[in-house]
Number of protein chains: 2
Amino acid sequence: MTRARQAGEAPAPEPYATEAICGRILERHRDTVSVRKAHVATANLARIIEAVLRLSSRQGFHETSLRDLAKASGLSMGGLYSYFDNKNTLLLMILTEVAQTAEAVLGNPPPGVAERPAAHLRWLIETHLRLTEAMQPWFVFAYMEAKGFPAPARRIATEGELATERMFAGVLERGAAEGVFAIEDVDLTASLIKPLLQDWYVKRAKYRKRGTTIERYVAGVTDFVESAILARPAQSPPGSADRDGRNPAAVP
Amino acid sequence: MTRARQAGEAPAPEPYATEAICGRILERHRDTVSVRKAHVATANLARIIEAVLRLSSRQGFHETSLRDLAKASGLSMGGLYSYFDNKNTLLLMILTEVAQTAEAVLGNPPPGVAERPAAHLRWLIETHLRLTEAMQPWFVFAYMEAKGFPAPARRIATEGELATERMFAGVLERGAAEGVFAIEDVDLTASLIKPLLQDWYVKRAKYRKRGTTIERYVAGVTDFVESAILARPAQSPPGSADRDGRNPAAVP
DNA sequence: GAAGAAAACGAGCGAGCGCTCGATTTTTAT
DNA sequence: ATAAAAATCGAGCGCTCGCTCGTTTTCTTC
């Protein structure tokens, strides 16, 4: 996904800065961006996307008019259309970048990790949380704005989600086969881990207000998940203890 | 919240049918609804809300025009305005109903349950899941559409969420004090349980496609949470096992 | 079944939307 | 310095939006 930089160009010190990400977007959309000088195009695209992420987080993408966006990004109405051919394309640029980045980062565990399910699971949790922290506005946007759009945009978002869920399911499967994890339903368990990770960026404001650090959250989720699924050799299987409180459902 | 019905009126057999809920909404908004005959108003309000929930789930509330809504509900443009004074009020009607129902149902455990934390936690999980299942379109709407709206609507939604989270924190706190639960950080754990419950209605389509029943999901979440937090007398505390795979974060 | 009240109707209003395109400014090359 | 090319500009177009209000239909009552 990330291409090697040309010699002489300064190496990006911060690969998840808006400008760096927009460089990658530009490569993927050279045909829709009519501005040819790369550094100008990258800088302006970064201002546009920074603005659209900020405005959309407040009022939603649909409710963000191109006039608002022009004002916030410092370009004119017509100027914007040098960077995308219509508003939907702008949305797709962001969604595909998020999906591709997530797949590229989470799909490449460091050597030695993938072989040990317990370590791999740990790495997936921590890396997922740190990636979404570094690109928080992007992931929130993808999560919130994917709904209610023409099929292609929706597809990209849900496919991306399923892809990472499948990574978790794969690790759990291998761990269960090796006897490291004790899991009844692998797919369901993978489904339950996903929202624990999404909560960190979807409800970021709540955790910020409480002063919860990412280190604390990583540790909390890791402990929670491991306590739930790690095989405990000298003990009865989970779910068999404390079977008292079975109450009739209050809702018919 | 639910008032006693007048004698002679048929008792509602299904308290979470759209019509029944709309009856309650009507009581709360008698002043904004100009139609005076109760059964006419209830029926039409139900058709309006059923339509707006359906259309919004596809395309979002903002993107649902009142012309679409008029067509889908079988009323005219002007007719709609006999039931709300502006589009925002319609949104607030739904949000407040969801928040009030959740608080009323979850805040009233059957006698005997609230005294035993383990049973109370179980009841909260199952009741939350069954309530959101019975009112799924309502909860999805509240979750998805609360963003990007004037402060009051946003407030209602986030307050409702925090209220139920506090119920969980309370139970966990009591259980930890009694030694039934082994929990390091009660507030963080309560925060982690919430998204497990929300996932059931937010990603309902995924679970439907997989054929996951609500019974299966209730059991899965209950086991997952209990395995993570139930005190295990004859064992080392959670988080101390398998501390090998600590890897450096891949994301700076 | 006629008269009054209640409810429903839908064309029309101003405003704001996404998008275009000829004019203008800035950059590059000679 | 100047001309060609690239980039930017912003008023204007057609359209849809939320909302109104005089008219028509339906229901109630005697």
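All values below come from the heavy atoms of this structure, side chains included, with hydrogens, waters and symmetry mates left out.
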query = What integer distance in Å separates A:Leu66:CG from C:dT20:C1'?
reply = 13 Å
task = Take atom CD of B:Glu63 and atom P of D:dC15, then tell me their distance rounded to the nearest Å.
result = 21 Å
query = Please give, in whole Å, the distance from D:dT20 C1' to B:Asp85 CG?
reply = 13 Å
request  = Name the residue closer to the 5' end of DNA chain D, choosing between B:Asn86 and B:His39 according to the nucleotide with the nearest heavy atom.
outcome  = B:Asn86
task = Report the C-alpha distance between B:Asp199 and B:Tyr207 in whole Å, list the side-chain angles of each, state the deciding distance to 0.1 Å, and finish with yes or no for side chain to side chain donor-acceptor pair (under 3.5 Å).
result = CA-CA 9 Å; B:Asp199 213 53; B:Tyr207 292 111; 2.8 Å; yes
request  = Look at the side chain of B:Arg67 and decide which nucleotide, out of D:dA7, D:dG18, C:dA8, has an atom nearest to it.
outcome  = D:dG18
message = In this structure, how many angstroms lie between the C1' atom of D:dC17 and the CG atom of B:Asn88, rounded?
response = 15 Å
message = Over 60° means perpendicular and under 30° means parallel, so tell me whether A:Tyr143 and B:Tyr143 are parallel, tilted or perpendicular.
response = perpendicular
inquiry  = Counting only side-chain heavy atoms from C-beta out, which of C:dA8, D:dC19, D:dT8 sits nearest to B:Asn44?
reply    = C:dA8
query = For the residue pair B:Pro195 and A:Leu196, what are the closest heavy atoms and their distance?
reply = CG-CD2, 4.3 Å
key: Residue B:Lys87, side-chain heavy atoms: nucleotide from D:dC19, C:dG18, D:dA7 that is nearest   = D:dC19
query = Whole-Å distance between C:dC19 C1' and A:Phe84 CZ?
reply = 10 Å
Whole-Å distance separating the CZ atom of B:Arg47 from the P atom of C:dA7 = 15 Å
ask   = When we call it a touch if two heavy atoms are under 4.0 Å apart, what does B:Tyr83 touch: a base, just sugar-phosphate, or nothing?
value = sugar-phosphate
request  = Give a yes/no on whether any side-chain N or O of A:Tyr81 is located under 4.0 angstrom from OP1 or OP2 of C:dG18.
outcome  = no
query = With a 4.5 Å heavy-atom cut-off, do B:Thr32 and B:Met93 have their side chains touching?
reply = yes
request  = Starting at atom CZ of A:Arg36, determine the distance to atom P of D:dT8, rounded to an integer number of angstrom.
outcome  = 13 Å
inquiry  = Apply side-chain contact (heavy atoms from CB on, under 4.5 Å) to residues B:Thr42 and B:Ile25 and explain how you reach the verdict.
reply    = CA-CA 9 Å; B:Thr42 307; B:Ile25 294 181; over 6 Å; no
Near-strand residues of residues 69-80 of chain B, defined as heavy-atom separation under 4.0 angstrom from DNA chain D = B:Met77, B:Gly78
request  = Find out whether A:Lys71 and A:Asp68 are in side-chain contact, i.e. whether some heavy atom of one side chain is under 4.5 Å from a heavy atom of the other.
outcome  = no
Stepwise side chain to side chain donor-acceptor pair (under 3.5 Å) test for A:Arg58 and A:Thr64 = CA-CA 9 Å; A:Arg58 290 194 218 288; A:Thr64 299; over 6 Å; no
message = Between C1' on D:dC19 and CG on B:Leu90, what's the gap in Å once rounded to a whole number?
response = 14 Å
query = Is B:Ser82 touching bases, backbone alone, or none of the nucleic acid, heavy atoms closer than 4.0 Å?
reply = nothing
